[in-house]
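So the structure is just underneath, and the comments pick up after that.
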2 protein chains.
Amino acid sequence: MATIHDVARAAGVSISTVSYALSGKRSIADSTRRRVADAAVSLGYQPHAGARMLAGTRTQIFALTAPLRHDTYAPAHMAFVLAVATAARRHDYDILLLTEDEATKGLSRVASSRLVDGVIVLDVSVRDERIALVQNLGVPTVVIGIPDDPAGLACVDLDFEAATRLAIDGLADRGHRRMALLGHPDEIYERGSNFPIRVRDTFLSHTADLGLPGRFSTSETDSGAVRAALDALLAGDERPTALIMHCQESVQATVLDHLRDRKISVPEDMSIISVGSTFDTTKFSPALDVIPLIPAATCDAAVDILVASLPDPPDPRVQYVAPEYRANGSVAPVPAP
Amino acid sequence: MATIHDVARAAGVSISTVSYALSGKRSIADSTRRRVADAAVSLGYQPHAGARMLAGTRTQIFALTAPLRHDTYAPAHMAFVLAVATAARRHDYDILLLTEDEATKGLSRVASSRLVDGVIVLDVSVRDERIALVQNLGVPTVVIGIPDDPAGLACVDLDFEAATRLAIDGLADRGHRRMALLGHPDEIYERGSNFPIRVRDTFLSHTADLGLPGRFSTSETDSGAVRAALDALLAGDERPTALIMHCQESVQATVLDHLRDRKISVPEDMSIISVGSTFDTTKFSPALDVIPLIPAATCDAAVDILVASLPDPPDPRVQYVAPEYRANGSVAPVPAP
DNA sequence: CTGAAAGCGCTTACAG
DNA sequence: CTGAAAGCGCTTACAG
């Protein structure tokens with residue numbers, strides 16, 4: 001393997017000139033820069049990662065702590081992991097993956113051995129031991145999601161509150177007054193990520209603010225439970241004319257199956273908006289209006305904040321990513337009674 | 001941050017003694033070892049990762065290349081990524097995650113900058129550009145899955161052939177003669193991982209060897225397609241009495257729903273075995289007999305092979321992980337005509 | 001059983 | 001615009 005000395009010799013310059021020519025950290029004569037670049041390419045020179053870490057101030061590695069809980073929805077989780085890795089690469093950073101059993105021990109290890117320049121915390125839960133840890137370690141950190149107490153932290157997340165209001169307002173504008181929200185399994189609200197709670201609470205408060213009745217139900221993910229939950233949500237005289245769904249893909253598919261079975265047409269009899277979804281709602285039949293959760297949007301913002309602050313920790317802040325409405329034809333004016 | 005010099009001073013020894021005491025690479029007096037260990041703990045000493053990489057011969061990092069194709073089944077994929085990380089940690093290795101757009105460029109980068117000691121290739125496809133690359137780079141590599149041409153490679157995978165025969169033989173022993181296999185979507189067979197093909201081909205050849213008719217069908221994953229595929233598989237006079245499923249979780253759930261709708265009882269009217277599944281088939285109703293694909297088993301073997309060979313590439317070989325039958329009550333003797 | 005020292009391959013003040 | 005040199009914090013022959 002070629003070293004910086006080999007490149008220096010080939011280009012006829014000193015190793016410091018090679019270093020500066022390649023990093024651009026001081027001005028170099030064009031002809032020199034070219035010779036160095038040519039020599040580096042023809043020798044297939046790649047700087048030694050360990051030497052850089054030792055001599056320099058950066059490792060170009062971030063740790064990503066992404067615990068898989070038993071109720072984690074794998075496709076969304078994967079999408080976020082990938083989006084973080086992709087965003088990091090744009091800034092020349094690699095991702096070191098820390099798994100659950102390593103959630104704390106691993107964080108200490110990689111931070112204090114200076115293997116990583118920063119930490120990205122994924123899928124933060126309401127009370128998350130990783131938070132106190134990174135604060136103690138003093139390692140620059142950005143959190144994707146918002147814990148109960150975000151004090152002192154840099155957090156990034158979709159503005160689920162705004163997304164929920166956007167859905168409700170859009171339906172209200174079309175004359176809908178009776179809306180329902182179908183959410184995740186109970187367990188998710190009891191001790192999980194906090195965004196389902198934010199959607200639920202915003203749904204209840206914002207419908208109330210508008211003087212509208214708001215029905216909410218959780219649902220387990222199996223098809224029987226979904227059908228039962230939906231039946232309960234639609235029971236009684238004052239049947240909702242609009243449904244907001246914040247739940248996983250298979251549940252939303254089952255809802256559409258069940259509405260079809262019950263001869264409830266979308267959007268003629270029932271308008272539907274899918275909120276905070278990471279999957280493609282145009283593949284459903286019918287395609288659903290959606291206010292998506294876009295992993296790349298959130299993760300790009302998170303990585304940008306982290307990179308910008310290095311080598312210091314980022315300033316504490318909660319950055320909300322603005323929601324975006326995508327109409328796909330599943331919302332219509334409220335049907336005449 | 002404490003360095004090795006701080007530990008040496010605190011323990012009243014030289015830095016080489018600290019290094020050896022901590023690594024155990026040469027014999028050290030018990031009392032010295034204890035003093036060094038105490039000093040290291042009380043100072044919170046963690047060796048500098050970059051310094052180790054530069055001075056030593058190992059980085060204690062493996063690259064994991066785990067591309068997410070659009071037909072990747074995320075839960076299984078996640079399970080494998082996690083199993084690799086967990087297995088690596090047992091040998092004091094961390095995992096650097098390489099995503100798809102980095103599948104080749106990233107591999108070259110981390111290998112030639114000597115960031116990683118080895119590479120683990122996940123979800124290898126039939127023809128995979130990553131294979132030629134790692135062979136060229138000369139970086140120690142182990143492949144999870146088996147490409148078309150495994151020559152020169154160390155590969156690890158569940159013995160899907162044996163698993164399929166095990167399923168067929170188990171059914172044949174109970175008197176079943178008409179068996180069907182429900183597989184993945186077509187696309188998977190056309191250009192994907194090779195194990196679905198191995199299951200399909202073994203199913204067809206082994207039933208033929210036994211002189212039994214074997215029906216095979218692919219299926220898309222949406223509920224309508226699954227029901228149609230199943231109906232086709234069960235059509236005609238000679239209805240199969242046993243079904244082997246090698247497809248994703250939601251498809252298997254739909255199959256059970258559909259059999260229930262058609263009043264076909266499991267196992268009384270129809271015996272079922274789930275093959276190569278990564279999910280929990282005891283959660284279905286009824287619970288299904290399964291020959292599971294256990295990510296930990298495969299990944300442990302892969303990491304063991306890689307670690308054992310370092311710093312050299314492992315010897316070329318294809319290591320098959322033996323299948324294991326788990327009875328859960330979904331197989332019964334063939335019903336009387 | 002232990003120590004003094006070379007050296008891994010870079011980055012970055014310090015000098016000119 | 002460029003170079004000589006110190007130094008990052010380890011590991012590991014070399015010596016005793």
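Keep in mind that this is a model prediction, so the values were computed, not measured. Computation of the quantities below employed the complete heavy-atom set of this structure, encompassing side-chain atoms and omitting hydrogens, waters and symmetry-equivalent molecules. Chain A is the first sequence line, chain B the second, and so forth, proteins listed ahead of strands; every chain is numbered from 1.
With hydrogens and angles ignored, the 3.5 Å screen pairs no side-chain donor or acceptor of R114(A) with any backbone N or O of H48(B). Under a 3.5 Å cut-off, the side chain of D159(B) and the backbone N or O of A322(B) do not form any donor-acceptor pair. Distance alone, capped at 3.5 Å, is enough to place a donor-acceptor pair between the T59(A) side chain and the L115(A) backbone. Side-chain atoms of N194(B) come within 3.5 Å of backbone N or O of I146(B) as a donor-acceptor pair.
Between dT2(D) and T32(A), a contact under 4.0 Å exists linking OP1 or OP2 to a side-chain N or O.
With T141(B) as the fixed residue, the side-chain contact (heavy atoms from CB on, under 4.5 Å) test singles out one of T65(B), L306(B), V134(B): V134(B).
With rounding to whole Å, H48(A) atom NE2 is found 7 Å from dC8(C) atom C1'. Remark: P of dC8(C) and CE of M1(A) are 16 Å apart, rounded to the nearest angstrom. Protein atom CG of L22(B) is 10 Å distant from nucleotide atom P of dC10(D), rounded to whole Å. The CZ atom of R35(A) sits 14 Å away from the C1' atom of dG3(D) (whole-angstrom rounding). Distance CG (L54(B)) to P (dA6(C)): 17 Å, rounded to an integer number of Å. Summarising the geometry, the separation between NE2 on H5(A) and P on dG7(C) is reported as 12 Å, rounded to the nearest angstrom. The nearest whole Å value for the distance from the CD1 atom in I28(A) to the P atom in dC1(D) is 8 Å.
For R9(B) and D6(B), the salt-bridge test passes: some basic side-chain N is under 4.0 Å from an acidic carboxylate O. D315(B) has no carboxylate O lying under 4.0 Å from a charged side-chain N of R317(B), or vice versa, which leaves the two without a salt bridge.
For the residue pair A302(B) and V156(B), the shortest heavy atom distance occurs at CA-CG2, 3.8 Å.
The aromatic rings of Y73(B) and F279(B) lie perpendicular to each other, with more than 60° between the two planes, well past the 30° mark.
When each of dC1(C), dG3(C), dG3(D) is scored by its nearest atom to the side-chain atoms of S14(B), the top-ranked nucleotide is dG3(C).
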### Task
Do nucleotides 11-16 of chain D as a string where each nucleotide becomes B, S or -: B if the base has a protein heavy atom under 4.0 Å, S if just the sugar-phosphate does, - if no protein is that close.
BBBB--
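Each of D30(B) and Q46(A) lies near DNA chain C, and the nucleotide nearest D30(B) is the one positioned closer to the 5' end.
Both key distances under 3.5 Å define a Watson-Crick or G-U pair, and stretches of 3 or more such consecutive pairs in DNA chain D run C:1-3 with D:14-16, C:5-12 with D:5-12, C:14-16 with D:1-3.
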